[in-house]
Colleague: 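My questions all concern the structure below.
Positions are given from 1 along the sequence. Any value given below was found using the heavy atoms of this structure, including those in side chains, with hydrogens, waters and symmetry copies removed.
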Amino acid sequence: MRSISAYLSSTSNIAVTRLDFNAGAINILQDGADKLTLADMNQESANMLMLQTRQSLGTTSLTLASQLQQAILKLF
(Lines give C-alpha, C1' and ligand atoms only; values in the text may rest on other atoms or scores of the structure.)
Protein backbone atom coordinates (compact mmCIF):
# COMPACT_ATOMS: atom_id res chain seq x y z
CA MET A 1 0.00 0.00 0.00
CA ARG A 2 2.76 2.40 0.92
CA SER A 3 4.62 1.85 -2.34
CA ILE A 4 1.42 2.33 -4.33
CA SER A 5 0.64 5.47 -2.34
CA ALA A 6 4.13 6.85 -2.94
CA TYR A 7 3.86 6.05 -6.66
CA LEU A 8 0.48 7.77 -6.95
CA SER A 9 1.78 10.79 -5.04
CA SER A 10 4.79 11.06 -7.35
CA THR A 11 2.62 10.68 -10.44
CA SER A 12 0.22 13.29 -9.08
CA ASN A 13 3.07 15.74 -8.52
CA ILE A 14 4.30 15.22 -12.09
CA ALA A 15 0.79 15.76 -13.45
CA VAL A 16 0.35 18.98 -11.43
CA THR A 17 3.73 20.27 -12.59
CA ARG A 18 2.87 19.55 -16.22
CA LEU A 19 -0.53 21.16 -15.80
CA ASP A 20 1.04 24.32 -14.33
CA PHE A 21 3.60 24.44 -17.14
CA ASN A 22 0.93 24.03 -19.82
CA ALA A 23 -1.26 26.71 -18.24
CA GLY A 24 1.69 29.12 -18.17
CA ALA A 25 2.59 28.34 -21.78
CA ILE A 26 -1.00 28.88 -22.87
CA ASN A 27 -1.09 32.27 -21.11
CA ILE A 28 2.18 33.37 -22.73
CA LEU A 29 1.04 32.28 -26.18
CA GLN A 30 -2.35 33.95 -25.73
CA ASP A 31 -0.70 37.22 -24.68
CA GLY A 32 1.57 37.08 -27.72
CA ALA A 33 -1.34 36.38 -30.05
CA ASP A 34 -3.32 39.26 -28.53
CA LYS A 35 -0.42 41.64 -29.05
CA LEU A 36 -0.19 40.59 -32.70
CA THR A 37 -3.88 40.88 -33.47
CA LEU A 38 -4.90 43.76 -31.22
CA ALA A 39 -2.32 46.24 -32.48
CA ASP A 40 -3.23 49.93 -32.34
CA MET A 41 -3.54 51.01 -35.96
CA ASN A 42 -2.71 54.64 -35.16
CA GLN A 43 0.50 53.62 -33.42
CA GLU A 44 1.47 51.24 -36.21
CA SER A 45 0.71 53.90 -38.84
CA ALA A 46 2.91 56.38 -36.99
CA ASN A 47 5.72 53.80 -36.82
CA MET A 48 5.42 53.14 -40.56
CA LEU A 49 5.52 56.86 -41.36
CA MET A 50 8.58 57.28 -39.14
CA LEU A 51 10.39 54.44 -40.93
CA GLN A 52 9.48 55.81 -44.35
CA THR A 53 10.68 59.28 -43.36
CA ARG A 54 13.93 57.85 -42.02
CA GLN A 55 14.48 55.93 -45.26
CA SER A 56 13.72 59.03 -47.34
CA LEU A 57 16.13 61.16 -45.32
CA GLY A 58 18.83 58.53 -45.65
CA THR A 59 18.39 58.38 -49.41
CA THR A 60 18.42 62.17 -49.67
CA SER A 61 21.59 62.46 -47.59
CA LEU A 62 23.36 59.87 -49.74
CA THR A 63 22.31 61.73 -52.89
CA LEU A 64 23.56 65.03 -51.50
CA ALA A 65 26.86 63.47 -50.44
CA SER A 66 27.35 62.02 -53.92
CA GLN A 67 26.54 65.36 -55.57
CA LEU A 68 28.97 67.14 -53.25
CA GLN A 69 31.77 64.73 -54.15
CA GLN A 70 31.06 65.24 -57.86
CA ALA A 71 31.08 69.02 -57.43
CA ILE A 72 34.43 68.88 -55.61
CA LEU A 73 35.92 66.70 -58.35
CA LYS A 74 34.79 69.20 -61.00
CA LEU A 75 36.80 71.91 -59.27
CA PHE A 76 40.03 70.09 -60.04
Colleague: Ignoring hydrogens and angles, tell me if any N or O in the side chain of Thr63 forms a donor-acceptor pair with the backbone of Thr59 under 3.5 Å.
Modeller: yes
Colleague: Taking Leu8's backbone N and O only, do any of them form a donor-acceptor pair with Ser12's side chain (distance below 3.5 Å, no angle check)?
Modeller: no
Colleague: Which residues satisfy the side-chain contact (heavy atoms from CB on, under 4.5 Å) test with Ser9, sequence neighbours excluded?
Modeller: Asn13
Colleague: Hey, is CE on Met50 packed in by over 12 heavy atoms from elsewhere, all under 6.0 Å?
Modeller: yes
Colleague: Donor-acceptor check, side chain of Ser66 to backbone of Leu62, threshold 3.5 angstrom: yes or no?
Modeller: no
Colleague: Say you draw a straight line from CD of Gln55 to OG1 of Thr60; how long is it, rounded to the nearest 0.5 Å?
Modeller: 10.0 Å
Colleague: Are side-chain heavy atoms of Leu68 and Leu64 found at a separation under 4.5 Å?
Modeller: no
Colleague: Taking Ser56 for the side chain and Gln52 for the main chain, is one N or O donor matched with an acceptor at less than 3.5 Å?
Modeller: no
Colleague: With no hydrogens and no angle check, is any side-chain donor or acceptor of Ser5 less than 3.5 Å from a backbone partner on Met1?
Modeller: no
Colleague: With rounding to the nearest 0.5 angstrom, report the OG1 to CG distance, Thr17 to Asn22.
Modeller: 11.0 Å
Colleague: Hydrophobic cluster membership, with links at side-chain heavy-atom distances under 4.5 Å among I/L/V/M/F/W/Y: are Ile4 and Tyr7 in one?
Modeller: yes
Colleague: So how far is it from Asp34 CG to Leu29 CG, rounded to the nearest 0.5 Å?
Modeller: 11.0 Å
